[in-house]
Amino acid sequence: MAASQAYARIRAEVLRLVALIPAGKFTTYGSIALHMNVAPRHVASVLARLTEEEARALPWHRVVAAEGRISQGMEPSLQERQRSLLQQEGMRLDDRGYIQDTDAHFHVVGLRRNIRWSED
DNA sequence: GGAGAGGCTTACT
DNA sequence: AAGTAAGCCTCTC
């Protein structure tokens, strides 16, 4: 089947976790991926293919790449929006897109879970 | 079913 | 800090 059930569950969980990130905080793709026991790419793919309503309802901007930096692979316009949204929530970023006060604002999604996403 | 792509990551320069 | 290379797993065409 296309869009396997496993992926559907992963996607739903990613959305749930992102929704839990409090304002003024942030986390990384890697952290979510580690917590969910999936590849970082998967998390990125999920967020990259958000629907309109999901993008509106979720604080996707609170998820950044490794090292607390805004993802460079996406559209510059989106990068700008993400940066302004983060600054709007009280975080400082430098010109390169790095969050300056990472230790103070990092949101720990959770410990590593050995979840089996396949159906079995 | 095979090739290309994706909002990443780590390792190394 | 920036750039390159290679690995990563699944989606989409």
Side-chain angles (χ1 to χ4, degrees):
Chain A
M1 72 185 87
S4 65
Q5 287 186 358
Y7 186 75
R9 291 182 212 163
I10 291 172
R11 176 172 156 283
E13 184 66 359
V14 169
L15 299 186
R16 191 181 71 80
L17 292 175
V18 171
L20 290 179
I21 305 173
K25 295 231 174 186
F26 76 93
T27 191
T28 67
Y29 294 99
S31 295
I32 295 175
L34 179 67
H35 175 60
M36 294 179 60
N37 199 35
V38 299
R41 265 281 177 205
H42 297 177
V43 180
S45 291
V46 169
L47 294 183
R49 301 172 201 286
L50 287 178
T51 63
E52 281 281 336
E53 59 269 27
E54 287 170 335
R56 239 187 313 106
L58 292 172
W60 58 269
H61 56 274
R62 297 184 193 139
V63 183
V64 298
E67 307 299 325
R69 180 181 47 165
I70 290 179
S71 304
Q72 302 297 298
M74 62 181 178
E75 283 197 33
S77 59
L78 284 178
Q79 292 184 33
E80 290 299 324
R81 189 179 326 180
Q82 180 169 22
R83 196 179 72 151
S84 61
L85 284 170
L86 290 175
Q87 291 177 332
Q88 189 178 325
E89 297 185 348
M91 289 181 247
R92 292 181 298 110
L93 290 81
D94 65 7
D95 295 338
R96 304 174 192 77
Y98 279 82
I99 294 177
Q100 297 296 290
D101 42 9
T102 56
D103 288 345
H105 292 285
F106 182 68
H107 170 69
V108 180
V109 175
L111 295 177
R112 190 180 204 274
R113 290 188 297 177
N114 274 326
I115 298 178
R116 177 180 298 191
W117 296 99
S118 58
E119 347 233 318
D120 258 69

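We use all heavy atoms of the structure for the numbers below, so side chains are in, but hydrogens, waters and symmetry mates are not.
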Beyond-backbone contact of [X] with [Y], side-chain heavy atoms, under 4.5 angstrom:
X	Y	answer
L85(A)	E89(A)	no
M36(A)	W117(A)	yes
N37(A)	R112(A)	yes
Q87(A)	L93(A)	yes

For this session: Quick one: look up who dA2(C) pairs with, Watson-Crick or G-U, both distances under 3.5 Å, and put none if it's unpaired.
Result: dT13(B)
Exercise. Across all strands shown, which nucleotide pairs with dC13(C) by Watson-Crick or G-U wobble geometry, both distances under 3.5 Å?
Worked result: dG2(B)
Exercise. According to a strict under-4.0 Å criterion, is R96(A) in side-chain N/O contact with OP1 or OP2 of dA2(C)?
Worked result: yes
Exercise. Just to confirm, is there a sub-4.0 Å distance from OP1 or OP2 of dG7(B) to any side-chain nitrogen or oxygen of S45(A)?
Worked result: no
Exercise. With a non-hydrogen cut-off below 4.0 angstrom, is A48(A) in contact with a base, only sugar-phosphate, or nothing?
Worked result: base
For [X] and [N], give me the distance from atom [atom1] to atom [atom2], rounded to whole Å.
X	N	atom1	atom2	answer
R49(A)	dC8(B)	CZ	P	12 Å
I32(A)	dC8(C)	CD1	P	22 Å
D94(A)	dA2(C)	CG	P	8 Å
R11(A)	dC9(C)	CZ	C1'	17 Å
I10(A)	dC9(C)	CD1	C1'	9 Å
L86(A)	dG7(B)	CG	C1'	13 Å
R41(A)	dT9(B)	CZ	P	9 Å
Q72(A)	dA2(C)	CD	P	8 Å

[X] side chain, from C-beta outward: closest of [options]:
X	options	answer
A65(A)	dG7(B), dC11(C), dT9(B)	dT9(B)
H42(A)	dC8(B), dC11(C), dC9(C)	dC9(C)
L78(A)	dG7(B), dT10(C), dC9(C)	dG7(B)

Exercise. Do R113(A) and E13(A) meet the salt-bridge criterion of a basic N to acidic O distance under 4.0 Å?
Worked result: yes
